[in-house]
Structure formats: structure tokens, C-alpha cells
Amino acid sequence: MSKASALGTGSSFQQARTVSPRRAAIDAATKAPTEGAPPPVKLPVSAISINPANPRGEMGDLTDLAGSLRDHGQKVAITIMSRYTYLEAHPGMEAELEPKTRYVAIDGSTRLAAAREAGLTEIKVMLDDDLGSNPDELLESALVANIHRQDLDHLDEARALQQLLAVHGTQEALAARLHRSQGWVSQRLALLSLTPKLQKKLETGEEPADLLRLVGRKKPEEQEEHLQQLKDKRAQAKADKQAAAEARKSAPAVPDPRQAPAASPRQVKMPWDDGVASMDIIFSKVNESERRKLIGRYLELLHTPEAFAAELAAASSPEYRERLAELLLDNQ
């Protein structure tokens with residue numbers, strides 16, 4: 001007799017295997033087909049326990065989610081595994097599971113809690129007893145599902161990554177497992193090095209996560225000052241961008257050389273005192289091959305990568321530089 005039969009699992013679960021969040025994440029990254037997965041079935045909410053090892057530390061306010069489930073219905077099924085299989089992977093956690101439940105929510109504990117708050121009696125589920133055979137594999141399954149939905153608190157995500165790092169050994173190995181870059185992993189782990197004060201500001205949304213990821217790499221006594229520097233640079237970059245936009249509006253229109261009479265081509269006067277307008281003219285006149293040579297020559301004139309980094313920092317936003325760093329790391 002199978003474990004499902006021994007636990008009284010409905011016949012619908014024995015007709016076909018389901019696609020786990022971990023498998024779906026791998027399929028999405030490799031473009032593997034996921035068609036043919038069986039439709040979800042419904043179970044009583046009272047039959048499913050919330051996962052006590054959920055990477056999400058707190059459920060938060062469930063009012064909006066409960067209202068959406070009640071008024072618009074459940075769009076995505078939660079993923080569960082049998083209580084028996086869960087306890088095989090988590091021996092000794094019997095007391096932490098809700099009594100008289102037969103299944104455990106691996107991906108969807110928040111939706112399960114919201115369904116209960118909404119007064120729903122049933123919830124759509126997908127059963128997958130292959131999510132993992134030990135606590136680390138189950139954590140990885142839940143983490144991957146939350147990462148791909150971007151549905152996890154920043155610090156909860158960082159703590160889960162820290163736990164998985166102990167399993168995979170290196171940031172590179174963990175990044176490959178999660179189909180992310182090493183820089184992506186490193187930036188999120190940096191949040192764990194923030195001072196308690198800055199971690200609190202991250203949780204409340206008082207300070208942005210993208211800047212705090214950079215701040216976390218600094219010594220605790222340097223973090224507040226470095227954060228202010230980054231915020232000042234961002235504000236200056238925003239002001240410069242607005243000023244450039246205003247300058248473009250007031251600048252005289254640049255004639256299109258393609259519309260000039262063939263017999264008497266007009267010379268375009270370069271607005272050298274306006275870098276943005278000058279670059280617009282150059283970009284319109286230089287083809288793709290020559291643009292690469294132009295960029296290459298610009299880098300040669302700067303002489304050093306440090307000089308280029310300083311130029312880039314002054315001319316771009318932190319988000320743009322972070323994305324560029326990730327792309328460069330991915331192309332190594």
C-alpha cells in the first residue's frame with residue numbers, strides 16, 4: 001500500500017504526479033515544457049497544516065489577501081505534501097504541526113492562513129511528496145517558489161539563503177542551484193550584516209532594499225554614513241536627469257540631415273555645451289559598428305577601469321549599475 005493510500009489520500013492524487021515548484025522553476029529556466037500537469041483538486045482547509053519551517057518569518061496582515069480570495073477566488077493552487085512524508089524529512093516536528101491534519105503546505109502557507117481568515121472551507125492544492133527528503137531540500141523548494149513569485153520579505157529571503165549556503169558550500173554553487181548570479185546571492189546575504197537599526201528600517205520600508213544591500217558590505221560603524229552618501233548620489237542623479245530633460249526641451253531643434261537638400265548639405269552645429277544634445281546627434285549619425293569603436297576609444301582615453309567606474313557612478317543610478325554588474329557576472 002502506498003503512503004497516500006495509507007493516509008486516506010483522495011483518488012485524484014493517485015491518477016497523476018504533479019509538477020513541484022522546484023521542478024517548475026528549473027523548467028522555466030531551461031524552457032522545458034510543463035504541459036500535461038494535472039489540474040489541482042480541492043481539500044478542506046482544516047486538513048492542511050501551515051509549514052512550521054516556512055522561510056517566511058511572519059504572515060503579516062492577511063486582510064487584503066483574505067478579501068481577494070473571498071471575492072475573486074483562488075487563482076494559484078498551493079503545494080502540499082503528506083504529513084507522513086513531511087515528518088520523514090523533519091523527524092521530531094510532530095508537535096509543531098497542527099493536530100488532526102493530514103498534509104503540510106510547502107508553498108502557500110500564507111494563502112492557507114488567508115483562506116481560513118476569509119472563512120473558506122476548501123482550498124485548491126497540488127500534492128507533491130517529492131519536494132524533498134530532508135529539511136534543506138524542503139527549504140529550497142519553498143524558497144525557490146517564493147523567489148520566482150518575488151513574494152518573500154527581504155530579511156526572510158536572506159536568512160533562507162544563509163541556511164542553504166551552509167548546504168551548498170559556496171555562493172557560486174548556491175547561485176547555480178537557484179538559477180541566479182553570484183552577485184544576486186551576495187547582495188541579498190549582505191542584508192544580514194546590517195546593524196539592527198538599519199534592518200528595522202528595511203522591514204518598515206523606511207529605507208530601500210537596493211541601497212541597503214550595498215550598505216551591508218560596509219563595517220557597522222560606517223553603514224549610516226555610507227547610506228546617506230548613496231542617497232545623496234541618487235538624489236543628485238535624479239536632479240541632473242530632470243535638468244537635462246529641461247535643457248533638451250529648451251534647446252533648439254536639431255535638423256535631420258536626411259531631410260537636407262542633396263545639392264546643399266547643411267553643417268550641423270554641435271552644441272558642445274550640452275552633453276546630452278551632443279550625444280543625441282552623434283548617436284544618430286554613427287552606425288552600430290562605429291559606435292563600438294567610439295565606446296572603445298572613450299575607455300582608452302579614460303586609461304583605467306577606476307576612472308570609468310567613477311564616470312559611470314556619476315552618470316547612472318544605483319539600480320542601473322547593479323543590473324550592469326549582474327549582467328557582466330553572468331557573461332563571464
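- Annotation: side-chain contact (heavy atoms from CB on, under 4.5 Å) contacts of A247 (sequence neighbours excluded): D274.
- Minimum interatomic distance between L127 and S82 (heavy atoms only, all atoms of both residues): CD1-N, 3.9 Å.
- Annotation: side chain of K42 is not in contact with side chain of I123 (no heavy-atom distance under 4.5 Å).
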- For the pair K197 and Q223, evaluate side chain to side chain contact (heavy atoms under 4.5 Å, CB included) and give the outcome as yes or no after the intermediate values. CA-CA 10 Å; K197 180 180 178 181; Q223 290 179 6; over 6 Å; no

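- Put simply, the side chain of T85 does not reach to within 4.5 Å of the side chain of Y103, judged on heavy atoms.
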- Query: Can you list the steps and then say if K293 with E290 is a salt bridge (charged side-chain N to carboxylate O under 4.0 Å, His left out)?
  - Reply: CA-CA 5 Å; K293 295 178 183 178; E290 293 303 317; 3.3 Å; yes

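- Here the side chain of K124 pairs no donor or acceptor atom with the backbone of K75 at under 3.5 angstrom.
- Judged by distance alone, the side chain of T79 and the main-chain N or O of M126 form no donor-acceptor pair under 3.5 Å.
- Counting side-chain heavy-atom gaps under 4.5 Å among Ile, Leu, Val, Met, Phe, Trp and Tyr, the cluster of L65 also holds L69, L120.
- You'll find the side chain of I106 stays beyond 4.5 Å of the side chain of I80, heavy atoms only.
- Considering all non-hydrogen atoms of both residues, S49 and T101 come closest at CB-OG1, 3.4 Å.
- Between the side chain of E98 and the backbone N or O of I50 there is at least one donor-acceptor pair closer than 3.5 Å.
- For K233, there are no side-chain contact (heavy atoms from CB on, under 4.5 Å) partners two or more places apart in sequence or in a different chain.
- The shortest non-hydrogen separation linking L112 to A105 is CD2-CB, 4.2 Å.
- For K201, the salt bridge (charged side-chain N to carboxylate O under 4.0 Å, His left out) test picks out no residue, with sequence neighbours left out.
- Residues meeting the side-chain hydrogen bond (donor to acceptor under 3.5 Å, both in side chains) test with Q236, sequence neighbours left out: D240.
- Separating the CG atom in D107 from the CE atom in M81 is a distance of 12.5 Å, to the nearest 0.5 Å.
- Taking CD of Q74 as the reference point, atom CD of E122 lies at 10.5 Å (rounded to 0.5 Å).
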- Task: Starting from the C-alpha separation in whole Å, work towards a yes-or-no answer on side chain to side chain contact (heavy atoms under 4.5 Å, CB included) for Q228 and D232.
- Result: CA-CA 6 Å; Q228 189 58 51; D232 290 343; 2.9 Å; yes

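- Identified under the salt bridge (Lys or Arg N to Asp or Glu O under 4.0 Å) test for residues 295-317, with sequence neighbours left out: R297-E300.
- Proximity of a side-chain donor or acceptor of S68 to a complementary backbone N or O of D64 within less than 3.5 Å is not detected.
- Here the shortest heavy-atom pairing between A66 and A114 reads CB-O, 3.5 Å.
- Taking 4.5 Å as the limit, some side-chain heavy atom of L192 sits within range of a side-chain heavy atom of R159.
- Remark: L165 engages Q162, Q171, L174, L189 in a side-chain contact (heavy atoms from CB on, under 4.5 Å) (not counting sequence neighbours).
- E117 is linked by a salt bridge (charged side-chain N to carboxylate O under 4.0 Å, His left out) to nothing, counting only residues two or more places apart in sequence or in another chain.
- In this structure D210 satisfies the salt bridge (charged side-chain N to carboxylate O under 4.0 Å, His left out) test together with R234, sequence neighbours excluded.
- R83 places no side-chain N or O within donor-acceptor distance of the main-chain N or O of V104, the cut-off being under 3.5 Å.
- For the residue pair D61/T63, the side-chain donor-acceptor check at 3.5 Å is satisfied.
- Among pairs with a residue in residues 181-192, those fulfilling salt bridge (Lys or Arg N to Asp or Glu O under 4.0 Å) read E157-R188, at least two apart in sequence or across chains.
- Counting heavy atoms from C-beta on, the side chains of V215 and L194 come closer than 4.5 Å.
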- Should R292 and E288 be marked as a side chain to side chain contact (heavy atoms under 4.5 Å, CB included) after you check the CA-CA gap, both sets of side-chain angles, and the distance that decides it? CA-CA 7 Å; R292 292 174 182 170; E288 181 177 353; 2.8 Å; yes

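- Looking at Y86 and M93, their side chains come closer than 4.5 Å, going by heavy atoms from C-beta outward.
- Contact between G216 and S193 at its shortest, heavy atoms only, is O-CB, 3.3 Å.
- By the side-chain contact (heavy atoms from CB on, under 4.5 Å) test, R217 is found to be paired with S186, Q187, A190, L214, residues two or more places apart in sequence or in another chain being considered.
- Heavy atoms only, all atoms of each residue included: R116 and V45 are closest at NH2-O, 3.2 Å.
- Sparse packing is recorded around CD of E225, with 12 or fewer heavy atoms of other residues, nucleotides or ligands lying under 6.0 Å away.
- The salt bridge (charged side-chain N to carboxylate O under 4.0 Å, His left out) check on E96 picks up nothing, with sequence neighbours excluded.
- A side-chain donor-acceptor contact under 3.5 Å links Q199 to the backbone of L191.
- Checking side-chain atoms of E207 against main-chain N and O of L198 turns up no donor-acceptor pair under 3.5 Å.
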